Amino acid sequence: MKRNIKDLIRQMTLEEKAGMCSGLDFWHLKGIERLGIPSVMVSDGPHGLRKQDDQADHLGINESIKAVCFPPAVLSACSFDRDLMKEFGDAIGKEAQATDLSVVLGPAVNIKRSPLCGRNFEYYSEDPYLAGETATAFIEGVQSHHVGTSIKHFAANNQEFNRMSCSSNADERTLREIYFPAFETAVKKSQPYTVMCSYNQINGTYASEDPWLLTKVLRDEWGFKGYVMSDWGAVNNRTAGLKAGLELEMPSSGGINDREIVDAVKDGSLEESVLDQAVERLLNIIFEYTDHREEQELNLEADHELAGKIARESMVLLKNDSVLPLKETEKVAFIGEFAKKPRFQGGGSSHINSFRVSNILDEVSGNANITYAKGFPADSDIYDEALAKEALQAAKAADKAVIFAGLPDSFESEGYDRTHMRLPECQNRLIREILAVQPEVIVVLHNGSPVEMPWLADVKGLLEAYLGGQAAGSAIADLLFGKACPCGKLAETIPYKLSDNPSYLFFGDGDKVEYREGIFVGYRYYDAKEMPVAFPFGHGLSYTDFSYSGLKISKSEMTDHDTVTVSVDVTNTGSCEGKEIVQLYISDLTGAVRRPLKELKGYSKVSLKPGETKTVSFPLDYRSLAWYNTQISDWYAASGDYEILIGASSRDIRLSGKIHMTTQKILPLKVHMNSTLGELLADKRTAPCIEGLKNRMGEFFGASADKAKEDGDTAISDAMNNAMVASMPLRNLASFGLCTKDELQALIDELGTGHF
Ligand code: BGC
């Protein structure tokens, strides 16, 4: 429907306009009946709908409508499958239309900085590229039904401890390379209708009132067109927020902050045009939904099936010493209460009221070879002698034992962080005891974030089911019995122990959280430190095998505006049909700046029948090679060589090739008294001018070095001499009497700057 939004705004009173900028209640925006502006509803997800009607709360305490709990982000990201994520989003979009929801509050794309973050189960990955691609596909699916998404929590909300007040303190390069790109990619590629700003501060400024974040970066640089809403209760100063680019405060502030806006306009501290613009942005999105209502029905059965498919395509087979798949004819003991009561989602605002939950015991009820022993409770850490005894007997009497282990609900949730990375002690103990009586042990994990596995070397099989959504039970059954071939891969590294994690010494410490590990998050750190890990990023096994060959790079040279296509042939060399996730990493060989050894810049999931070969290809551009250079406030890929690595995981690189980049971006030249001879020599614009000086300096020191050598003192070598000279600032030329201050100044002017 065509309507003149500016005209509508002209007809509003100041109070009505201010009122539009905050919620009517917990989940609704305000409408204005006389102007035909409807009041629309928003709701959590995003891995299902949490539509609450009465007695709303944002912590998942009160019941919401019966819906389908799809796999939370921790699992769906392991699918590495853009098409599947789009199908997932499409289903959520249809459900939202069927239940009249204008915006689904997600996806959540915060980076998993530490395994301890209580909300990691809601987040996709430790890798910004994977998180961005996954979110983009999901958003495209939801918004294909004109239902908005709210990508959250923008930004740097990587812990739950003091999340409403703490400051995430990170340097700009780290924010731009690690914590922003998932948002950036999604905004640029799929234009989420809304962005939800986070509770926390970033470098001392609340995200909800940061003009750099909400306007300069989000709108001016990335081109965001929708509206920004606050996380629930994230507003600190309403007028400052509005000026910074926060259009909607959620939930309702009972009129208090609306009055603040009205007063600010009246006393001249807020320009009315800022308010008008905010209202225009809100109305655009409200009408985008209400003008495109679809006739949809909630199809819970079909969505339950889809939830199962996503789970099957995402669970990760971490280890398999010829113990899986299970055969129907084998006697198998299922141990652990998670087999009966699977933990399939996390606590807090994303908690879905599932209409049905599948558990593996029901799935295998027709198989008389399977026995079940509770072994330990799913919701607490209590070692029960009688339960353990029964479990040991069952394990002993069977050919194999499958232990369904995991984290109780209380161990991880929105609102607080974990304090350790361990499973309940009762589970670790029982696993050890079972291993003593039964060597054929498989562990299935139900957890929202990695756990330490002290028994890892001794179990023969390990399936990371994460939190699998309401159909997790059937997905696990299909994977264990080989009705489906595992094809998920890890979206995060599983370290051996918590203290290996790069943020270990700085995580959740006080109100100012220093991101001292910088860009070295996840595999970027473990690789740089050459550290062994339990399972690397991108790892995941299959019941078949794949070989890689025929790497082709469409160009061997590229410049800033080129795109390059990398292709590779993948063959299924095993005996069953399966899917492989092929990963492309870039390694910067230019040495221009310290960078991770490799970074994910492409992936593709391909389905292959036994013996079949397919070619997968990846587009690369300048940005795929670039890092964020704060000197130019832009992405920069230095001229030189870059390695293209094709792998089955971040630590299983199968093929590699090179590409040469020649950039046209010229870095600004700043020469001053304290520029070192080394840095001036490294820049080809200043090198010729400096060469002679360096030699003079070298001779100056060389004389004493020669003298030392004559005296038999070998402490000063030529290499040392060169290194010393390279780190000398220009001012030393004058202080060592090699030139006058005037000559030095003339030299600096000649080198072309004047910044002192
Ligand atoms: C959470 C958001 C959620 C909102 C509404 C907040 O506490 O941080 O992710 O969308 O509540 O429930």
Side-chain angles (χ1 to χ4, degrees), residues 22-29 40-65 67 69 72-74 92 96 99 101-112 117-124 131 135 138-139 142 147-166 168 182-183 186 192-202 206-208 226-236 246 248-253 345-353 412-417 448 467:
S22 69
L24 171 70
D25 53 28
F26 235 84
W27 303 117
H28 290 87
L29 277 65
V40 292
M41 185 171 187
V42 302
S43 180
D44 283 309
H47 49 262
L49 301 186
R50 189 172 72 92
K51 188 180 180 199
Q52 285 184 317
D53 281 330
D54 303 313
Q55 312 255 310
D57 71 274
H58 68 301
L59 296 174
I61 299 161
N62 291 317
E63 235 186 40
S64 46
I65 58 163
C69 178
V74 61
I92 295 288
T99 51
L101 290 174
S102 70
V103 172
V104 176
L105 304 175
V109 300
N110 297 99
I111 293 296
K112 297 175 200 252
C117 171
R119 269 185 115 170
N120 273 1
F121 69 91
E122 286 188 65
Y123 300 147
Y124 288 128
F138 180 80
I139 292 167
V142 177
V147 169
T149 51
S150 193
I151 191 167
K152 65 189 184 183
H153 309 88
F154 189 51
N157 179 182
N158 309 98
Q159 67 180 46
E160 289 300 280
F161 175 70
N162 279 0
R163 64 173 168 160
M164 299 181 88
S165 58
C166 71
S168 302
F183 294 98
Y193 291 2
T194 83
V195 167
M196 186 190 292
C197 75
S198 56
Y199 286 123
N200 53 283
Q201 308 176 49
I202 299 176
Y206 277 101
S208 62
Y227 70 76
V228 178
M229 71 171 86
S230 71
D231 198 344
W232 267 232
V235 169
N236 175 55
L246 174 70
L248 179 66
E249 171 183 23
M250 284 305 282
S252 161
S253 53
Q345 65 173 327
S349 61
S350 70
H351 197 89
I352 310 296
N353 187 4
E412 51 180 355
S413 168
E414 177 176 344
Y416 56 90
D417 296 316
L467 303 182

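Keep in mind that this is a model prediction, so the values were computed, not measured. As the structure lists them, so they are numbered: ligands from 1, and atoms in each ligand from 1.
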| Proximity winner for atom 3 (C) of ligand 1, if only heavy atoms of Asn110, Asp44, Val104 are counted | Asp44
| With distance as the sole test, does Ser102 use its side chain to make a donor-acceptor pair with the main-chain N or O of Met41 at under 3.5 Å? | yes
| request: Examine distances only and state if a side-chain atom of Ser43 and a backbone atom of Arg50 form a donor-acceptor pair shorter than 3.5 Å. | output: yes
| field | Distance filter under 4.0 Å to Met196 heavy atoms, resulting ligand 1 atoms | value | 10 (O)
| field | Minimum heavy-atom distance between Phe161 and Cys166, given as atom pair plus value | value | O-SG, 4.1 Å
| field | Per-residue contact class, Glu414 against ligand 1 - non-hydrogen pairs under 4.0 Å | value | side chain
| task | Start with the C-alpha distance between Arg163 and His153, add both sets of side-chain angles, then the distance that settles side chain to side chain donor-acceptor pair (under 3.5 Å), and finish with yes or no. | result | CA-CA 11 Å; Arg163 64 173 168 160; His153 309 88; 5.8 Å; no
| Contact atoms of ligand 1, heavy-atom distance to Lys152 under 4.0 Å | 2 (C), 3 (C), 9 (O), 10 (O)
| Which bit of Trp27 is near ligand 1, meaning a heavy atom under 4.0 Å away: side chain, backbone, both or neither? | side chain
| Which of the numbered atoms in ligand 1 are below 4.0 angstrom from a heavy atom of Arg50? | 12 (O)
| said: Donor-acceptor pair, distance only, cut-off 3.5 Å: does the side chain of Lys51 make one with the backbone of Thr99? | reply: yes
| field | side-chain contact (heavy atoms from CB on, under 4.5 Å) partner of Leu105, the single match among Pro46, Ser350, Ser150 | value | Ser150
| query | Is ligand 1 under 4.0 Å from a heavy atom in the side chain of Glu122, in the backbone, in both, or in neither? | reply | neither
| query | Okay, side chain of Lys152, backbone of Asp231: is any donor-acceptor separation there less than 3.5 Å? | reply | no
| query | Short list, please: which atoms of ligand 1 are under 4.0 Å from a heavy atom of Leu105? | reply | 10 (O)
| request: Just do the side chain to side chain contact (heavy atoms under 4.5 Å, CB included) check on Val104 and Phe138 with the steps written out, would you? | output: CA-CA 11 Å; Val104 176; Phe138 180 80; 5.6 Å; no
| query | Does an N or O from Trp232, backbone or side chain, lie closer than 3.5 Å to an N or O of ligand 1? | reply | no
| remark: So for Arg163 against ligand 1, with non-hydrogen atoms under 4.0 Å, the contacting part is side chain
| query | Under 4.0 Å from ligand 1, counting heavy atoms only, is it the side chain of Met229, its backbone, both or neither? | reply | neither
